[in-house]
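In what follows, chains are A, B, ... by sequence order, proteins preceding strands, each numbered from 1.
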Amino acid sequence: RKVAIDASMCLYQFLIAVRSEGAQLTSVDGETTSHLMGTFYRTIRLVEQGIKPAYVFDGKPPDLKGGELAKRAERRDEAQKLLQAAEEADIVYLLGNAEDVEKFNRRLVKVTKTHAEEAKQLLQLMGIPFIDAPCEAEAQCAALVKAGKVYATATEDMDALTFGCNVLLRRLTFSEAKKMPIQEFHFDKVLEGLELNHNEFIDLCIMLGCDYTNSIKGVGPKRAIELIKTHRSLEKIIENLDTKKFPIPKDWNYKQARLLFQEPEIIDPETIDLKWTEPDEEGLVKYLCGDKQFNEERVRNGAKKLHKARNTSTQGRLDTFFKVLSSPNPLKRK
DNA sequence: ACTCTGGCTCAAGACGCT
DNA sequence: TTAATTGAGCCAGAGT
DNA sequence: AGCGTCC
């Protein structure tokens, strides 16, 4: 069963989580390898379960997002760059407590172009397809699902639904699944449960706070649902809202935000041909066991697992692993 | 009292041996 | 300058 | 399941 995955999100998590004594794993020349470690083993695990993953990489963020992100940047630049200096000083003075240093390091994690390129090279050698999205990966994933190129998007990010992703899988990573069951959301069932159509759902998500705009102060999940059910569109809501109690954000460009959800910049899925091919064992060994110092035995073992799973295909039906939770109300969000 | 929002903090992977 | 998370859980405080 | 280790 084919599944689309937001690669940048995965890389980010690996960079944060795959650490030893607070520091990322590295090659001989000090280059980070945490993202490769995570991608390699997680992908093998997925393939062994009969899943065919297709990774989707982010392109440029939409302009509108840039505006919002600038605010976060300010916060960071002010607080964190100064904190950086302060904490570095602390380290010098106090030979810092490791926890602070760790926390600090995690906040500065970024997924760079290089990380992405390295991951792509690894996926190539593993025989796993990937796509460069022109813009938001989640939007491209949703398009792949809609076009039937993959069965679902595997993500923790509920915004995938806003892009109209029909099927969304949460907690697909199986080590975590030991603790928590895999959840499968069907967008049409969610809409049914909320008694909304897609456009109304988009307006709802904008109110709840998306990456593209501010949200209305005082309006959280409860009131937002109430409002959209009563008025069915942001235009009508704005007309009827008591703006003394609930002020509309200044220069609120909800229309543009809406458009980014309705017509995101994507590659036409029909032009995309996803191919899962044989892993290149020697290539993997060469790439991972050179400077990057991966254990050769483990890498070869991984390559063989990929090979084996590939040739025993049509095995794993995901259904055996989880129940379909077409949860009528996933809005525990923000 | 109750509901709701929003601000805060935290944690975040996978393998293999025991 | 080339990167800018997220979701969950807990709790204070405002509003009704 | 817990824990040290992966690089």
Check your understanding: Counting any heavy atom closer than 4.0 Å, what does A:Gln13 reach on the DNA or RNA strands: base, sugar-phosphate only, or nothing?
Key -> nothing
Exercise for review: Tell me, please, which residues at least two apart from A:Phe261 pass ring-ring contact (aromatic ring centres under 6.0 Å, His included).
Suggested key: A:Phe163, A:Tyr212
Point to revise | Which residue lies more 5' along DNA chain B, comparing A:Ile216 with A:Ile44 via nearest heavy atoms | key: A:Ile216
Revision key, fill the gap. Rounded to the nearest 0.5 angstrom, the CG-CD1 distance for A:Asn197 and A:Ile202 is 9.0 Å
Practice item. Please measure how far the P atom in B:dC17 lies from the corresponding atom in D:dC7, and state the result in whole Å. Key: 14 Å
Point to revise | Residues forming a side-chain contact (heavy atoms from CB on, under 4.5 Å) with A:Lys222, sequence neighbours excluded | key: none
Review point. Which nucleotide sits closest to the side chain of A:Phe294: B:dG6, D:dC7, C:dG7?
Key: D:dC7
Check your understanding: Does any non-hydrogen side-chain atom of A:Phe294 lie less than 4.5 Å from one of A:Leu284?
Key -> no
Check your understanding: Is any side-chain N or O of A:Arg42 closer than 4.0 Å to OP1 or OP2 of B:dA14?
Key -> yes
Point to revise | ring-ring contact (aromatic ring centres under 6.0 Å, His included) against A:Tyr254, all qualifying residues, sequence neighbours excluded | key: A:Trp252
Practice item. Provide, to the nearest angstrom, the distance between the CD atom belonging to A:Glu138 and the C1' atom belonging to C:dT5. Key: 11 Å
Point to revise | SB check A:Arg258 A:Glu263 (cutoff 4.0 Å) | key: no
**Study point:** Any residue meeting side-chain contact (heavy atoms from CB on, under 4.5 Å) with A:Glu226, in chain and number order, not counting sequence neighbours
**Key:** A:Thr230
Check your understanding: Roughly, in whole Å, what's the span from OH in A:Tyr12 to C1' in B:dG13?
Key -> 15 Å
Point to revise | Nearest-Å distance once atom P is located in both B:dA12 and D:dC3 | key: 14 Å
**Study point:** DNA chain B-proximal residues of residues 122-135 of chain A, any heavy atom under 4.0 Å
**Key:** none
Review point. Tell me, for nucleotides 10-16 of chain C in 5' to 3' order, what letter each nucleotide earns: B for a base near a protein heavy atom under 4.0 Å, S for only sugar-phosphate near one, - for neither?
Key: ------S
Review point. How long is the line joining CZ of A:Arg298 and P of B:dG16, in whole Å?
Key: 5 Å
**Study point:** Residue list, salt bridge (charged side-chain N to carboxylate O under 4.0 Å, His left out) with A:Lys149, at least two apart or on another chain
**Key:** none
**Study point:** Pairwise P distance for C:dT6 and B:dG13, with rounding to whole Å
**Key:** 15 Å
Exercise for review: Take atom CZ of A:Arg107 and atom P of B:dA12, then tell me their distance rounded to the nearest Å.
Suggested key: 17 Å
Practice item. Output the single nucleotide from B:dT5, B:dA14, B:dG13 whose closest atom is nearest the side chain of A:Met37. Key: B:dG13
Check your understanding: When you match A:Asp6 and A:Val111 each to their closest nucleotide on DNA chain C, which lands nearer the 5' end?
Key -> A:Val111
Revision key, fill the gap. In whole angstroms, the gap separating P of B:dG13 from CE of A:Met9 amounts to 13 Å
Point to revise | Nucleotide nearest A:Asp157 (side chain, heavy atoms from C-beta), chosen from D:dC6, B:dC4, C:dG7 | key: C:dG7
Check your understanding: A:Lys305 has an atom NZ; how far is it from atom P of B:dA14, in whole Å?
Key -> 13 Å
Check your understanding: Is A:Glu297 paired with A:Arg300 through a side-chain N to carboxylate O contact shorter than 4.0 Å?
Key -> no
Exercise for review: Between A:Arg106 and A:Lys222, just flag the one whose closest nucleotide in DNA chain B comes earlier from the 5' side.
Suggested key: A:Lys222
Practice item. Calculate the interatomic distance between A:Leu208 atom CG and B:dC4 atom P; express it in whole Å. Key: 14 Å
Practice item. Please determine, for the side chain of A:Phe14, which listed nucleotide (B:dG7, B:dG13, B:dA12) has the closest atom? Key: B:dG13
Review point. Looking at residues at least two apart in the chain, or sitting in another chain, which of them share a side-chain contact (heavy atoms from CB on, under 4.5 Å) with A:Ser20?
Key: A:Leu25
Exercise for review: Give me the residues of residues 112-120 of chain A where at least one heavy atom lies under 4.0 Å from an atom of DNA chain C, by number, or none.
Suggested key: A:Thr112, A:Lys113
**Study point:** A:Phe14: which of A:Arg42, A:Met9, A:Arg19, A:Met37 passes side-chain contact (heavy atoms from CB on, under 4.5 Å)
**Key:** A:Arg42
Exercise for review: Give A:Gly38 one of three labels, base, sugar-phosphate or nothing, depending on what nucleic acid heavy atoms sit under 4.0 Å from its own.
Suggested key: nothing
Check your understanding: For A:Thr43, what residues pass the side chain to side chain donor-acceptor pair (under 3.5 Å) criterion, not counting sequence neighbours?
Key -> A:Tyr55
Check your understanding: Quick one, which residues of residues 17-36 of chain A touch DNA chain B with a heavy atom under 4.0 Å?
Key -> A:Ala17, A:Val18, A:Arg19
**Study point:** Separation of C:dT6 P from A:Leu11 CG (nearest whole Å)
**Key:** 13 Å
Exercise for review: Sequence neighbours left out, what passes side-chain contact (heavy atoms from CB on, under 4.5 Å) with A:Glu278? Give chain and number order.
Suggested key: A:His307, A:Arg310, A:Asn311
Review point. If two hydrophobic side chains count as joined below 4.5 Å and joins carry through other members, does A:Ile266 share a cluster with A:Ile272?
Key: no
Point to revise | Verdict with reasoning, A:Asp132 to A:Lys120, per salt bridge (charged side-chain N to carboxylate O under 4.0 Å, His left out) | key: CA-CA 10 Å; A:Asp132 282 308; A:Lys120 287 177 196 174; 2.5 Å; yes
